[in-house]
Amino acid sequence: MSTMEPVLAIDIGGSKLAAALVGKDGAVWRRAETPTPRAAAEVVGDALVDLSARVSNGEQPTAVGIACAGPLDIAAGTVSPVNISAWRDFPVVELLRSAVPGVAVTLVGDAIAAALGEHWRGSGQGSQAMLGIVVSTGIGGGLVLNGEPYLGPTGNAGHIGHVSIDPDGPTCPCGAHGCVEVYASGPAMVRWALEQGWTGTDARQLTGAARSGDPVAVAAFDRGARALARGILATSLLCDLDRAVIGGGVAKAGDLLLAPLRRHIAEGATFAFVRRISVHTTALDRDSGLIGAARFTHLALARS
Ligand SMILES: [Zn+2]
């Protein structure tokens with residue numbers, strides 16, 4: 001790979017499709033995004049290919065790195081994102097191989113890509129054992145251990161949102177009870193606040209209310225932070241984490257989320273090695289997945 005040639009990075013989510021040319025140093029050269037079409041599988045695929053062509057603008061990338069919402073089948077190169085109902089076992093790798101012939105195409109989960117991006121160029125730099133968490137409509141996660149993303153044999157490692165912190169807790173769409181996601185996702189915090197008499201509509205309004213001191217909104221963040229803290233502590237006990245990096249829409253609340261999160265971690269950390277963890281918000285914001293997808297191709301190509 002030459003030092004100049006970029007990777008075409010793609011980030012596929014339920015609400016938007018994003019693509020960018022990412023330089024070898026992680027700089028985002030050209031970026032574009034479009035709302036994910038609520039349409040047939042081929043229409044969503046065409047939108048992705050159009051977006052990629054717009055970003056490439058005739059330039060040949062050295063590789064294509066795809067980050068996609070799960071679940072994925074890495075070996076088959078297919079994806080079945082929960083929030084893109086038209087795509088079930090959709091051959092996204094094959095689609096990009098046809099659209100950009102002659103270069104390697106890699107596929108990784110979006111939360112793992114986001115974690116890897118933060119580790120490479122964001123708030124995770126220098127970490128030896130990092131957990132990245134994306135808190136938005138749902139909650140995703142990814143581990144970066146010793147500088148390498150930990151995928152697991154099926155590519156699905158890092159599902160922090162579905163770690164149960166209370167077997168008697170509310171039912172989660174996954175079928176389990178008391179998952180971190182049923183307390184700490186944006187919609188979960190909003191739902192709980194509404195039950196307590198708050199009258200807004202979405203997570204952005206809840207953030208505004210918490211910022212102006214609304215006690216129910218503040219309590220909703222505290223409750224979400226407590227659940228996140230329990231998930232982080234459990235992961236820390238297993239993986240000896242030194243860093244957690246929080247991204248996604250809800251992380252825009254900044255210290256409204258981080259302050260109670262740090263307090264609950266400090267209160268719940270029983271062992272000295274668990275107390276070492278530092279918690280930060282994303283430094284790359286919406287680009288962490290794109291930058292991580294590009295980094296993933298570098299690591300894959302270096303290995304092959
Ligand atoms: Zn669950």
Side-chain angles (χ1 to χ4, degrees), residues 11-15 36 67-74 78-85 87-90 108-115 130-144 149-196 202-203 206 219-239 241 244-251 253 257 260-261 264-265 268 279 282 289:
D11 192 1
I12 301 167
S15 58
T36 307
C68 188
L72 319 173
D73 186 333
I74 299 271
T78 60
V79 299
S80 309
V82 173
N83 294 320
I84 306 179
S85 53
W87 279 11
R88 289 296 171 264
D89 298 320
F90 184 80
V108 66
D110 57 352
I112 295 177
M130 175 195 141
L131 172 65
I133 308 180
V134 180
V135 186
S136 64
T137 312
I139 294 183
L143 289 163
V144 184
Y150 180 73
L151 307 178
T154 69
N156 288 291
H159 269 75
I160 183 82
H162 296 284
V163 168
S164 173
I165 56 167
D166 181 0
D168 300 318
T171 310
C172 178
C174 78
H177 290 266
C179 294
V180 170
E181 186 168 299
V182 302
Y183 303 95
S185 72
M189 292 201 287
V190 166
R191 196 161 50 240
W192 183 83
L194 290 170
E195 284 165 14
Q196 314 305 311
D202 59 18
L206 189 69
F221 273 94
D222 186 74
R223 183 171 178 270
R226 184 160 169 256
L228 271 180
R230 292 201 174 178
I232 291 169
L233 287 167
T235 311
S236 217
L237 285 162
L238 287 176
C239 299
L241 300 176
V245 178
I246 319 290
V250 176
L257 180 69
L261 181 56
H264 285 299
I265 287 174
V279 184
T282 167

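Counting starts at 1 for both ligands and their atoms, following the listed order. Side chains included, hydrogens not; waters and symmetry mates left out as well; all remaining heavy atoms used. When a residue number appears, it is its place in the shown sequence, counting from 1.
- Protein N/O/S atoms nearer than 2.8 Å to the Zn ion (ligand 1) total 4.
- Summarising the geometry, atom CD1 belonging to Ile74 is positioned 7.0 Å from atom CD1 belonging to Ile112; distances are rounded to the nearest 0.5 Å.
- Other residues, nucleotides and ligands place more than 12 heavy atoms under 6.0 Å from the NE2 atom of His264.
- In this structure Trp87 satisfies the ring pair (Phe, Tyr, Trp, His ring centres under 6.0 Å) test together with Phe90, sequence neighbours excluded.
- If you take CG on Leu72 and CD1 on Ile12, they are separated by 9.5 Å, rounding to the nearest 0.5 Å.
- Applying the side chain to side chain donor-acceptor pair (under 3.5 Å) rule to pairs touching residues 223-235 yields nothing, sequence neighbours excluded.
- Take Thr282 and apply the side-chain hydrogen bond (donor to acceptor under 3.5 Å, both in side chains) test, not counting sequence neighbours, and it matches Glu118.
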